[in-house]
Amino acid sequence: MWPDFYYYGNFIHKPMKIATYNVNGVNGRLPVLLRWLNETSPDVVCLQELKAPQEKFPLSAIQDAGYNAIWHGQKSWNGVAILAKSNLEIKELRRGLPDDPDEAQSRYIEASVNGIVIGCLYLPNGNPAPGPKFDYKLRWFEQLTLHAQKLLTYNVPVVLTGDFNVMPTEQDVYKPERWVDDALFRPEVRAAFKNLVAQGWTDALRKLYPEETIYTFWDYFRNAYGRNAGLRIDHFLLSPDIEGRLLAAGVDKQVRGWEKTSDHGPVWIELADK
DNA sequence: ATGGCATTTAAAAAATGA
């Protein structure tokens, strides 16, 4: 039996471009965000690391750029949002995970847009590891995995995307040997990602580019972007009901080279109409 | 191997990040 939310709203028959972007401060990066929206025109955008309380989300600027938005803010840290072009309805399905390990941290928001369930997540960093932050990361990952399993039982199109803070394989790190003890690359975390994907999800960028070096993050230090010393930590996971619609995917790498930019680049996929 | 940079909050320096 399909849940009611699948039938929600107007369905517009068009290819859908969905993007994810860890903005690292939605107000500090607002000029960069607006320029990127204007230049690339995604239909749906998942944002992470708003670093803004609920009332400081720059809604009017985003509306002026042609987008609706829902968001889950938090003072100073974290914060996630889903944007959709003004002609697309956003039906919020939940904020926070079921049995969220810490309700005070705004790391998950989920909505239905044009017949697709969009889960927007900001998985904890987890450093230093081992330690309480690493334990929290693993607990959060467990709850995400349980929720992801639940979503699959609906047999509807689901896109789980955001900053997973995990490099899935050595292919996703410029110098893997330097990261083996880091919370983004430790065996437990890679195993957790692998375990999640094994439920039946498709890693969209890897599916289209199995051999390529793809990065989504470049440190501010040591000219990491100039040297292409990056990490692939922002991901798109597609449910079986939508993975066949995958047309294209990429990283808007040039945005990382702009002034006052995030240390992440925007990542996107394009999906065929149903 | 280390430290390098950038954000927010709030008024200097701490906490956080990856």
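All heavy atoms count here, side chains included; hydrogens, waters and symmetry mates do not. Proteins come first, then strands; the chains are lettered A, B, ... in the order of their sequence lines, and each starts at number 1.
- Atom-to-atom, CG of A/D234 to P of B/dG17 comes out at 15 Å; the value is rounded to the nearest Å.
- Listed nucleotides: B/dT16, B/dA18, B/dC5. Nearest to the side chain of A/F221: B/dC5.
- The interatomic distance linking A/K133 (NZ) with B/dA18 (C1') rounds to 12 Å, in whole Å.
- If you take atom P in B/dT8 and the same atom in B/dA18, they sit 14 Å apart, rounded to whole Å.
- Closest to the A/K75 side chain, of the nucleotides B/dC5, B/dT9, B/dA18, is B/dT9.
- Here A/K207 pairs with A/E243 in a salt bridge; the nearest charged N to carboxylate O distance falls below 4.0 Å.
- Atom NZ in A/K137 sits roughly 10 Å away from atom P in B/dG17 (whole-Å rounding).
- Near DNA chain B, meaning a heavy atom under 4.0 Å from it, residues 49-60 of chain A has A/E49, A/K51, A/P53 in order of number.
- Look at CG on A/N24: it is 14 Å from C1' on B/dA15, rounded to the nearest Å.
- When the P atom is used for both B/dA10 and B/dT16, the distance is 15 Å, rounded to whole Å.
- For the pair A/R178 and B/dA1, the criterion of a side-chain N or O lying under 4.0 Å from OP1 or OP2 is not met.
- Using a 4.0 Å heavy-atom criterion, one finds that A/N223 contacts no nucleic acid atom at all.
- Using a cut-off of 4.0 Å between Lys/Arg side-chain N and Asp/Glu carboxylate O, A/R232 and A/D203 are scored as salt-bridged.
- Using a 4.0 Å cut-off, no side-chain N or O of A/H264 falls inside it from OP1 or OP2 of B/dG17.
- Spacing between B/dA6 and B/dT2 at atom P, rounded to whole Å, works out to 23 Å.
- When rounded to the nearest whole Å, the span between CZ of A/F134 and P of B/dT16 equals 18 Å.
- Distances shorter than 4.0 Å separate some side-chain N or O of A/N165 from OP1 or OP2 on B/dA18.
- Residue whose closest nucleotide on DNA chain B sits further toward the 5' end, between A/M167 and A/Q74: A/Q74.
- Using bins of under 30°, 30° to 60° and over 60° for the plane-to-plane angle, the ring pair A/W71/A/F57 lands in the parallel bin.
- Going from atom CZ of A/F217 over to atom C1' of B/dG17 covers 8 Å, rounded to whole Å.
- In the interface, the side chain of A/D219 is not paired with the base of B/dA18 through any donor and acceptor atom under 3.5 Å apart.
- Contact check on A/D100 versus A/R107 returns no salt bridge, with no Lys/Arg side-chain nitrogen under 4.0 Å from an Asp/Glu carboxylate oxygen.
- Judged by distance alone, the side chains of A/H72 and A/Q54 never bring a donor and an acceptor atom under 3.5 Å apart.
- Comparing the C1' positions of B/dA12 and B/dT7 gives an interatomic distance of 16 Å, to the nearest angstrom.
- Annotation: side chain to side chain donor-acceptor pair (under 3.5 Å) contacts of A/E259 (sequence neighbours excluded): none.
- For the residue pair A/K17/A/T40, the side-chain donor-acceptor check at 3.5 Å is not satisfied.
- In this structure, OH of A/Y225 is placed 18 Å from C1' of B/dA18, rounded to the nearest angstrom.
- Nucleic acid contact class of A/Y122 (heavy atoms, under 4.0 Å, all strands): sugar-phosphate only.
- Using a 4.0 Å heavy-atom criterion, one finds that A/D163 contacts the sugar-phosphate atoms exclusively.
- Atom CG of A/D263 is separated from atom C1' of B/dT8 by 14 Å (rounded to the nearest Å).
- Comparing B/dT8, B/dA18, B/dC5 by their nearest atom to the side chain of A/Y220 picks out B/dC5.
- B/dG3 and B/dG17 have their C1' atoms separated by 15 Å, with the value rounded to a whole Å.
- Looking only at atom types and distance, the side chain of A/Q48 has a donor-acceptor partner in the side chain of A/T20 under 3.5 Å away.
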#### Entry: Steps toward ring-ring contact (aromatic ring centres under 6.0 Å, His included) verdict (A/Y215, A/Y174)
CA-CA 9 Å; A/Y215 298 138; A/Y174 67 100; 7.1 Å; no
